[in-house]
There are 2 protein chains.
Amino acid sequence: MLNYSTSEENYIKAIYRLQGSDGTVSTNALANALRTKPASVTDMMKKLKAKKLLHYQPYQGFRLSQEGSRVALGIIRRHRLWEFFLAEKLRFSWDEVHEVAEELEHVSNKKLIDKLDEFLGFPRVDPHGDPIPDASGRIEINKRICLTELPLLQVAIVSNVKDQSSPILELLEHMKIRIGTKLEVKKRFGFDESMEIKIGRLPAVLISKQLAENIFVKYEG
Amino acid sequence: MLNYSTSEENYIKAIYRLQGSDGTVSTNALANALRTKPASVTDMMKKLKAKKLLHYQPYQGFRLSQEGSRVALGIIRRHRLWEFFLAEKLRFSWDEVHEVAEELEHVSNKKLIDKLDEFLGFPRVDPHGDPIPDASGRIEINKRICLTELPLLQVAIVSNVKDQSSPILELLEHMKIRIGTKLEVKKRFGFDESMEIKIGRLPAVLISKQLAENIFVKYEG
DNA sequence: ATTTATTTTTAGATCTGTCTAAATTTATTT
DNA sequence: AAATAAATTTAGACAGATCTAAAAATAAAT
Ligand SMILES: [Mn+2]
Ligand SMILES: [Mn+2]
Ligand SMILES: [Mn+2]
Ligand SMILES: [Mn+2]
């Protein structure tokens, strides 16, 4: 269990996110995600390769090694547990937690995190609906579908929101849509790809294509 | 409200501690406290002077400016609030909190700390009995005296323990002495400067000079 | 298959924080 | 008051992380 610098951790986490379920990540994509320059990425890739955290051949992109993925899941665990703590215990709103967790995630004391997990009651998802890896790095990969693909009249539960910024939160709160909300799509309109949805017994409302694209749902409770 | 690096913050905090109530701190003393080298201290002092955080003339030692003290109190506030959180909410023991707080203290988000303070119920002292500065940097300077100077038969309350390591905790727990414990000194023995103390209605016990020197008490409740 | 455009890497610089070894200043002794 | 000792600063080096500008490799277009 070596320790990695804040910078190394930010690179590892970004690669994990970009590579999805086993893709390869390019220098430019990573530089863009981290708001840094391609030359800096190449430098860091050499360092992380030397530490055996990723596979990398010059010009061929990179992907995390098994150890790299393990490290990434540890960072994501810390990030999401802190987000849960901030939202649940300190009453931060949904769009404020990410920024603070971005710093707290780098305090990597195993006991701290495991005790925090226990204190929080072993939460399964963070305030954005993203799953929290457990102490051994296991993460539940529940199959979510985008609201744009949910069959008509099929009841589903909001499990996740892609964009996690302040403006979308404002809209979702106004629409009374949050993680865990049950809803169904009544009708889709081809003209602007807007759709009419019904939440519980509330009157049906219309939501835009842009909003629907950011809402992910799952079946059952 | 500028932001300072972890390194700068560690220097500022150490100077604050060493200078006590307005003394001047020497290069060697600071190097020793931070387990670094005198040359590194001189380098950093130049930087902190340029940022107007301290007064410093070469060869003449240094002391924090008003702004430097303000920054120091902010760091101490964060440190002690996290220590309280770790002990009270995550059930860390007394000697474990410091190390973790040493890292958490550098996450300097004002809202995070003020919300944490509120969540914890605005605690006045950390798990070692040290006072916690409030949101505006005020800190209560309660006059504590060392157990070695407490007059005989004078009841007092344990308010603070100087050494905060694991071995002293073990001994204090065995003796049933903790922050808030009421006790009085029954007798002092010149031979080894040990003393007999009485805690509440428990039978009197003997404690060593070394232990007494690390216990600080205050009068009244 | 060349040429052109894009992506990626290298070369060289800068900034922070640290170190060792040498020089300088201040304090202490004789 | 000199000489010696101790404390402090300077000089020069190095590692981590970043950048700009130039070179090299790969991909796309003609
Ligand atoms: Mn981060
Ligand atoms: Mn999240
Ligand atoms: Mn620290
Ligand atoms: Mn403390």
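Basis for what follows: all heavy atoms, side chains included, without hydrogens, waters or symmetry-related copies. So you know, we letter chains A, B, ... as the sequences are listed, proteins then strands, and number each from 1. Small disclaimer: the values here were computed from a predicted structure and weren't measured.
- Remark: side-chain polar atoms of B:R144 are not paired, donor with acceptor, to backbone N or O of B:F216 under 3.5 angstrom.
- For B:K89 and B:F119, the positive end sits near the middle of the six-membered ring, less than 6.0 Å away and at most 45° from its axis.
- Among the protein residues, A:F62 comes within range of no part of the nucleic acid, since none of its heavy atoms lies under 4.0 Å from any strand.
- Contact check, B:Y4 against C:dG17: no side-chain N or O comes under 4.0 Å of OP1 or OP2.
- Residues B:H79 and B:H98 have side chains that bring a donor and an acceptor to within less than 3.5 angstrom of each other.
- Contact annotation: A:S40 reaches the phosphate of D:dC19 (side-chain N/O to OP1 or OP2, under 4.0 Å).
- Between A:N10 atom CG and D:dG16 atom C1' the separation is 15 Å, expressed in whole Å.
- Residue-level contact check: B:Y11 touches the backbone only, with heavy atoms under 4.0 Å from sugar-phosphate atoms and none from bases.
- Across all strands, B:T27 comes closer than 4.0 Å only to sugar-phosphate atoms, never to a base (heavy-atom distances).
- Between A:F85 and B:W82, the angle of the ring planes lies from 30° to 60°, which puts this pair in the tilted group.
- Per the geometry, CD belonging to A:E9 stands 16 Å off P belonging to D:dG16, to the nearest Å.
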Q.
What does the 5'-to-3' dot-bracket notation of DNA chain D look like when only Watson-Crick and G-U wobble pairs under 3.5 Å count, and pairs to other strands show as |?
A. ||||||||||||||||||||||||||||||

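- The B:D43 side chain lies nearest to C:dC19 when the options are D:dT9, D:dC19, C:dC19.
- As rounded to whole Å, 14 Å separates atom C1' of D:dA25 from atom CG of A:N28.
- Taking only side-chain nitrogens and oxygens, A:S5 never comes nearer than 4.0 Å to OP1 or OP2 of D:dG16.
- Nearest nucleotide to the B:A39 side chain, out of D:dA25, C:dT20, D:dT8: C:dT20.
- At C:dT18, one or more side-chain N or O atoms of B:S7 fall inside 4.0 Å of OP1 or OP2 (strictly under the cut-off).
- If you check the side chains of A:N28 and A:S26, you find no donor sitting under 3.5 Å from an acceptor.
- The CZ atom of B:R35 sits 17 Å away from the C1' atom of C:dC19 (whole-angstrom rounding).
- Comparing D:dC19, D:dT9, C:dT9 against the side chain of A:K37 picks out D:dC19 as the nearest.
- B:K51 has its NZ atom 11 Å from the C1' atom of C:dC15, to the nearest Å.
- The separation between A:N32 atom CG and C:dT8 atom P is 11 Å, rounded to whole Å.
- Of the charged side-chain nitrogens involved, at least one lies within less than 4.0 Å of a carboxylate oxygen, so that B:E140 and B:R124 count as a salt-bridged pair.
- Put simply, A:K46 has a side-chain N or O that comes within less than 4.0 Å of OP1 or OP2 on C:dT10.
- For the residue pair B:N3 and B:E9, no side-chain donor N or O sits within less than 3.5 Å of a side-chain acceptor on the partner.
- Both A:P58 and A:M44 lie near DNA chain D, and the one whose nearest nucleotide falls closer to the 5' end is A:M44.
- Between A:H106 atom NE2 and D:dA17 atom P there is a gap of 12 Å when expressed in whole angstrom units.
- Using modelled atom types, one finds a donor on one side chain and an acceptor on the other under 3.5 Å when comparing A:Q164 with A:D130.
- To the nearest angstrom, P of C:dT9 lies 15 Å from NZ of A:K47.
- Between A:S26 and C:dT7 there is no side-chain N or O to OP1 or OP2 distance below 4.0 Å.
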